[in-house]
Number of protein chains: 2
Amino acid sequence: MIDAARLDATFHALSDPTRRAILARLAAEGDITVMDLAEPFEMSQPAISKHLKVLEEAGLVSRGRDAQRRPVHLEAQPLAEATGWLIEYRQYWAAQFGRLDDLLGELQRLEAASGKT
Amino acid sequence: MIDAARLDATFHALSDPTRRAILARLAAEGDITVMDLAEPFEMSQPAISKHLKVLEEAGLVSRGRDAQRRPVHLEAQPLAEATGWLIEYRQYWAAQFGRLDDLLGELQRLEAASGKT
DNA sequence: CATACAAATAACTGTTTGGTTCTGTAACTG
DNA sequence: CAGTTACAGAACCAAACAGTTATTTGTATG
């Protein structure tokens, strides 16, 4: 997937609260089956399967196999790429966002100090 | 706007390459009029206006007034919020993303050392 | 082998998106 | 004040989205 299309898919996947909640649960609880994922949502199982397909096509999750179950696994690489895109704008948050800005300003200095580009 | 809806709007706005390109130009060149923004894109002026409306509703740009012109101004706050959401997942990128991971690992240590929550 | 379970697929529906062209409007300009 | 510039809005369209229910597939298990 070319870079732009990958970012398209990643940001689109993140634009839905159900999908963000799925990622949050995977981060907190590790691999989860579809039924277990669907349980807290007021939504049918096929709806969850569709959301998982969106996440999978964006590379944000992968699927395993455990008998009838297809445990869902978080794949965070696209999140790193999306973060990388956003980090480019850190200088524009200036001032208004004290803590995050402080920390990312520090990050920027470290980046310079490390001599890497 | 409640937090989730705001993230929805921000990530959705970022999921289109034309809109990301608009933000990139605003970051690089400062405020730009609609005509100037539209020029490099193979797209009609109303199409650009629609994209700007999406960006504006997400709080990513604001509009000024200069005679007939409505210069577009980057508002980076939602980008900071989106970055804040993504940063929560930094630990899951581990290892695979040397540089960004190193830097954000450093960030994490600084955060701990600073005693802020 | 019949049944139950987990998940995917199909078919359908209403809404949103991303583009178009045409028209309207506010503000400058000769 | 007639014309032009810069933009927004309306109306339209095809494709994509997000959900539904009903059905199918694959894998145990009694």
Side-chain angles (χ1 to χ4, degrees), chain A residues 1 4-23 25-26 29-75, chain B residues 1 4-26 29-74:
Chain A
M1 198 172 344
R6 170 79 159 216
L7 278 175
D8 289 0
T10 301
F11 283 128
H12 172 247
L14 295 179
S15 73
D16 181 278
T18 301
R19 289 192 291 261
R20 287 199 307 277
I22 288 173
L23 294 178
R25 281 194 66 200
L26 291 172
E29 303 173 32
D31 297 4
I32 319 186
T33 66
V34 176
M35 290 308 254
D36 286 350
L37 264 181
E39 192 272 322
F41 298 104
E42 294 185 340
M43 205 176 290
S44 64
Q45 168 262 311
I48 297 296
S49 283
K50 279 195 182 183
H51 282 304
L52 290 174
K53 196 166 197 175
V54 172
L55 291 167
E56 191 173 10
E57 282 169 0
L60 284 162
V61 304
S62 59
R63 319 298 302 275
R65 170 66 79 181
D66 167 24
Q68 312 99 308
R69 269 142 264 132
R70 307 292 316 277
V72 181
H73 178 78
L74 178 64
E75 297 284 352
Chain B
M1 198 172 345
R6 171 80 159 214
L7 278 176
D8 289 1
T10 301
F11 283 128
H12 172 247
L14 296 179
S15 73
D16 182 278
T18 300
R19 289 192 292 262
R20 287 198 306 276
I22 288 173
L23 295 179
R25 282 194 66 199
L26 291 172
E29 305 172 31
D31 297 5
I32 318 185
T33 66
V34 175
M35 290 310 253
D36 287 350
L37 262 182
E39 192 271 321
F41 297 104
E42 294 186 339
M43 206 176 288
S44 63
Q45 168 262 312
I48 297 295
S49 284
K50 277 195 182 183
H51 282 303
L52 290 174
K53 194 166 196 178
V54 172
L55 290 167
E56 192 173 9
E57 282 171 359
L60 283 160
V61 304
S62 59
R63 317 298 302 274
R65 170 66 80 181
D66 167 24
Q68 313 98 309
R69 270 142 264 133
R70 307 292 316 279
V72 182
H73 178 77
L74 179 64

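A note on names: the letters A, B, ... follow the listed sequences, proteins ahead of strands, and every chain is numbered from 1.
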Answer yes or no: is there a donor N or O on one side and an acceptor on the other, between the side chain of A:R6 and the main chain of A:G59, under 3.5 Å?
no
Among D:dA8, D:dG19, C:dC5, the one nearest any side-chain atom of B:S49 is D:dA8
- D:dG19 OP1/OP2 closer than 4.0 Å to side-chain N/O of A:H51: yes
**Asked** Quick one: is C:dA8 close enough that its OP1 or OP2 comes under 4.0 Å of any side-chain N or O from A:R63?
**Response** yes
Quiz item: With respect to the phosphate group of D:dA18, does any side-chain polar atom (N or O) of A:R19 fall under 4.0 Å of OP1 or OP2?
Solution: yes
For B:L14 and A:F11 the tightest heavy-atom approach is O-CD1, 3.4 Å
In whole angstroms, the gap separating P of C:dA27 from CZ of B:R70 amounts to 10 Å
Heavy-atom nearest nucleotide on DNA chain C taken for A:K50 and for A:P71; more 5' hit belongs to A:P71
note: B:F41, atom CZ; C:dG19, atom P; distance rounded to Å ~ 10 Å
Rounded to whole Å, CE of A:M43 lies from P of D:dT21 at a distance of 12 Å
| query | Are the side chain of B:R20 and the backbone of A:A4 linked by a donor-acceptor contact shorter than 3.5 Å? | reply | yes
Nearest-nucleotide check on DNA chain D, A:D66 vs A:S15; residue mapping nearer the 5' end is A:S15
Value for NE2 (A:H51) from OG1 (A:T18), rounded to nearest 0.5 Å, stands at 4.5 Å
Atom CE of B:M35 and atom C1' of D:dA6 are separated, to the nearest Å, by 6 Å
Of the listed D:dC7, C:dC28, C:dA6, the closest approach to the A:Q68 side chain comes from C:dA6
Considering only heavy side-chain atoms of B:D16, the closest of C:dG18, D:dC7, C:dA6 is C:dG18
Closest of D:dC7, C:dT20, D:dG19 to the B:R69 side chain is D:dC7
Sub-3.5 Å donor-acceptor pair from the side chain of A:R65 to the main-chain atoms of A:R70, do we have one? no
With the side chain defined as heavy atoms from C-beta on, A:H12 is closest, among D:dC17, C:dG18, C:dT20, to D:dC17
B:R65 CZ to C:dA26 P, in whole Å, measures 10 Å
Per atom distances to the A:P46 side chain, the nearest of D:dA6, C:dT20, D:dT20 is D:dT20
B:Q45 atom CD is separated from C:dT20 atom P, nearest whole Å, by 11 Å
Whole-Å distance, A:F11 CZ to C:dT17 P, equals 18 Å
* Asked: Counting only side-chain N and O atoms of A:K53, is one of them less than 4.0 Å from OP1 or OP2 of C:dT9?
  -> yes
- Can you check whether A:H12's main-chain N or O pairs, donor with acceptor, with A:S15's side chain at less than 3.5 Å? yes
task: Have a look at B:T18 and say if it touches a base, only the backbone sugar-phosphate, or nothing, with a 4.0 Å heavy-atom cut-off.
output: nothing
Taken to the nearest whole Å, CD1/B:I22 to P/C:dG18 is 12 Å
